[in-house]
Student: 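Sharing a structure here in structure tokens format.
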Amino acid sequence: MLLALESSCDETSVAVVHDGRVLANLVSSQIKLHAEYGGVVPELATREHLRNLLPVAQATLKGANVQVRELAAIAATIGPGLPQALMIGARTAQAMAFALRKPFFGIHHHEAHLYSPWIAGQPPVADFASFQPNVSLIVSGGHTMLVFVEAELKHHLLGSTVDDAAGECFDKSAKLMGLPYPGGPELDALAEQGDPRAFDFPRPMIRDLHDDFSFSGLKTSVRYFLRDQPFILEDPDRVRDLCASVRSSIVDVLVTKTVRAAKRLGAQCVTASGGVTCNRALRKQLAEACTQNNLTLRLTDKSLCTDNAAMVGILAERKLQHGVVPNSLDEEVKPNWALVQN
Ligand code: KG4
Ligand code: ZN
């Protein structure tokens, strides 16, 4: 049984996992707190983590019906993320590990996302090995990357965004349209009733054979489009078409590059995780493209796409089971920790 904490950005989350299963996973989201600023305010996020972490941990342990003395290890995200926010989770976990004389695992946030597709559904995480190698798309508000997972706990970063993340492009485009924060889910919902062919937006780097992404140009073209045709925003039908057209550009790039990388590398499986994996068009188009290309697709359950401690706990448990050496109790947080070859 492991206890895991996640506090890298604006979700305070605690989970208890056991044998590849999640016994409890509570997430206290700060979305409403940051909404009036249109983005995450680090100082507010830190205070909120400080206020909520222990009550969320107590409620999680109670929900799982687990006593602290039953825990085999404590894990926490130690990077990348907001420095002070990371520190709240990491230092709390290290103090608990010290008091309970248990090992501490400091987890890489993106490596944890890599494991989230395996938490819910079948087969379970223990069968991860039968789906290797796979190509994994991690797509959130802060990151967009493709990772080649050669074997369990062994992966290489193939490429990532050179500027904005796909989620940021969704959020900023939505903001330009006057949609509430965070705009990604709002834009997605409106796009469902729009025509994706109504307006033609660029699909950056879609033809480039490398695995990097770029979304800032697309965001800028939405800005210029609305500067030149502000009246579009007065017509709800045209707004829906605009949402569908922007969504289609982003999703086309993500799907094309993911499937191309999988084919090039001979992977038989594709996985996707991170907040943007909630996007309906991304889920649908990835499924269609994988079927056409004979690839197995493992999508993260919608409830686990955004940040959560369950994925941190599941990865820490795999590390424990594989005999990975735990981290020291004074291990520093790593706000800019890159996903390196492992
Ligand atoms: O993984 P996550 O919770 O946090 C980060 O690490 O960033 O992802 C949040 C991002 C936000 O940009 C949000 O707008 C986006 O995921 N998102 C979506 C959808 N649901 C969440 N973007 C597009 N369509 C959605 N349905
Ligand atoms: Zn994340």
Side-chain angles (χ1 to χ4, degrees), residues 2-16 24-61 74-98 104-116 138-145 160-161 164-165 167-168 171-172 181-182 184 273-276 304-316 327-339:
L2 273 90
L3 184 76
L5 314 183
E6 154 67 37
S7 66
S8 62
C9 190
D10 58 345
E11 331 275 359
T12 312
S13 180
V14 182
V16 177
N25 175 46
L26 294 190
V27 183
S28 165
S29 173
Q30 305 177 2
I31 282 185
K32 285 198 183 124
L33 177 73
H34 301 288
E36 69 173 287
Y37 304 97
V40 177
V41 183
E43 177 64 23
L44 291 182
T46 307
R47 285 165 192 253
E48 200 67 2
H49 286 307
L50 206 48
R51 191 175 299 131
N52 290 334
L53 190 57
L54 286 178
V56 173
Q58 277 167 330
T60 308
L61 286 163
I74 317 286
T77 306
I78 58 166
L82 302 172
Q84 281 83 3
L86 287 166
M87 239 177 264
I88 309 285
R91 288 288 180 254
T92 305
Q94 286 164 327
M96 288 181 80
F98 172 75
F104 163 74
F105 285 95
I107 297 295
H108 190 294
H109 183 76
H110 300 140
E111 228 178 298
H113 271 302
L114 278 183
Y115 278 73
S116 59
I138 305 177
V139 66
S140 71
H143 303 278
T144 301
M145 55 183 76
S160 56
T161 180
D164 293 347
E168 192 178 345
D171 293 341
K172 296 272 166 63
Y181 170 89
S273 60
V276 178
L304 295 165
C305 285
T306 48
D307 293 345
N308 63 82
M311 64 187 191
V312 176
I314 290 287
L315 170 56
N327 296 90
S328 73
L329 292 182
D330 56 3
E331 180 84 39
E332 291 294 339
V333 297
K334 301 171 181 174
N336 300 313
W337 199 4
L339 189 74

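For reference, positions follow the sequence shown, starting with 1. Both backbone and side-chain heavy atoms feed into the values below; hydrogens, waters and symmetry mates do not.
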Student: If you measure from CZ on Arg47 to CZ on Arg51, what distance do you get to the nearest 0.5 Å?
Tutor: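 Interatomic distance, Arg47 CZ to Arg51 CZ, rounded to 0.5 Å: 8.0 Å.
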Student: Could you report the tightest heavy-atom contact between Pro80 and Ser8, atom names first, then the distance?
Tutor: O-CB, 3.8 Å
Student: Looking only at non-hydrogen atoms, find the nearest pair between Ile78 and Ala90 and report the distance.
Tutor: CG2-CB, 3.9 Å
Student: So, do Ser13 and Asn25 sit near enough that their side-chain heavy atoms are less than 4.5 Å apart?
Tutor: yes
Student: Please report the closest heavy-atom contact between Ser140 and Ala165, naming both atoms and the distance.
Tutor: O-CB, 3.5 Å
Student: Do you know the tightest heavy-atom contact between Gly167 and Val276?
Tutor: CA-CG2, 3.5 Å
Student: Can a donor-acceptor pair be found, under 3.5 Å and without considering hydrogens, that links the side chain of Asp307 to the backbone of Glu11?
Tutor: no
Student: Kindly compute the distance separating CD1 (Ile31) from CG (Asp10), expressed to the nearest 0.5 Å.
Tutor: 6.0 Å
Student: Rounded to the nearest 0.5 Å, what's the gap from CD on Gln94 to CE on Met87? Could you check?
Tutor: 10.5 Å
Student: Where do Ser28 and Gln30 land on the side chain to side chain donor-acceptor pair (under 3.5 Å) test, with the steps shown first?
Tutor: CA-CA 7 Å; Ser28 165; Gln30 305 177 2; over 6 Å; no
Student: Nearest heavy-atom pair of Ala93 and Phe104: which atoms, and what distance?
Tutor: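 Result for this residue pair: CB-CE1, 3.7 Å.
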Student: Using the side-chain hydrogen bond (donor to acceptor under 3.5 Å, both in side chains) rule, pick out the option among Glu111, His110, His109 that qualifies with His113.
Tutor: His109
Student: Is it the case that the side chain of Thr77 and the backbone of Ile107 share a donor-acceptor pair, with hydrogens and angles ignored and the cut-off at 3.5 Å?
Tutor: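 Side chain of Thr77 to backbone of Ile107, a donor-acceptor pair under 3.5 Å: no, none is there.
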Student: Pairs in or reaching into residues 330-339: which pass salt bridge (Lys or Arg N to Asp or Glu O under 4.0 Å), with residues at least two apart or in two chains?
Tutor: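 Residue pairs passing salt bridge (Lys or Arg N to Asp or Glu O under 4.0 Å), neighbours aside: Arg91-Glu332, Glu331-Lys334.
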Student: State, with a plain yes or no, whether a side-chain heavy atom of Tyr181 is found less than 4.5 Å away from one of Val40.
Tutor: yes
Student: Answer yes or no: is there a donor N or O on one side and an acceptor on the other, between the side chain of His108 and the main chain of Trp337, under 3.5 Å?
Tutor: yes
Student: Just how far is it from atom CG of Leu86 to atom OG1 of Thr46, taken to the nearest 0.5 Å?
Tutor: 9.5 Å
Student: Got a second to check how far Asp171's CG is from Glu168's CD, nearest 0.5 Å?
Tutor: 8.0 Å
Student: Check whether any side-chain N or O of His49 sits under 3.5 Å from a backbone N or O of Cys9 as a donor-acceptor pair, and report yes or no.
Tutor: yes
Student: Rounded to the nearest 0.5 Å, how far apart are OG1 of Thr92 and CG of Leu3?
Tutor: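 Reported value, rounded in 0.5 Å steps: 10.5 Å.
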Student: Please determine whether side chain to side chain contact (heavy atoms under 4.5 Å, CB included) holds for the pair Leu53 and Thr12, giving the CA-CA distance in whole Å, both sets of side-chain angles, and the decisive distance to 0.1 Å.
Tutor: CA-CA 6 Å; Leu53 190 57; Thr12 312; 3.7 Å; yes
Student: Quick check: closest heavy atoms across Leu61 and Val16, and the distance to 0.1 Å?
Tutor: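 Smallest interatomic distance, heavy atoms only, reads CD2-CG2, 4.1 Å.
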Student: Kindly list each side-chain donor-acceptor pair under 3.5 angstrom involving residues 308-315, sequence neighbours excluded, with atom names and distances?
Tutor:
{"from": "Asn308", "atom 1": "OD1", "to": "Ala310", "atom 2": "N", "distance (Å)": "3.1"}
{"from": "Asn308", "atom 1": "OD1", "to": "Met311", "atom 2": "N", "distance (Å)": "2.9"}
{"from": "Asn308", "atom 1": "ND2", "to": "Leu304", "atom 2": "O", "distance (Å)": "3.0"}
{"from": "Asn308", "atom 1": "ND2", "to": "Thr306", "atom 2": "O", "distance (Å)": "2.9"}

Student: Are the side chains of Asp164 and Lys172 in touch, meaning some heavy atoms are under 4.5 Å apart?
Tutor: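 Sidechains of Lys172 and Asp164: no contact.
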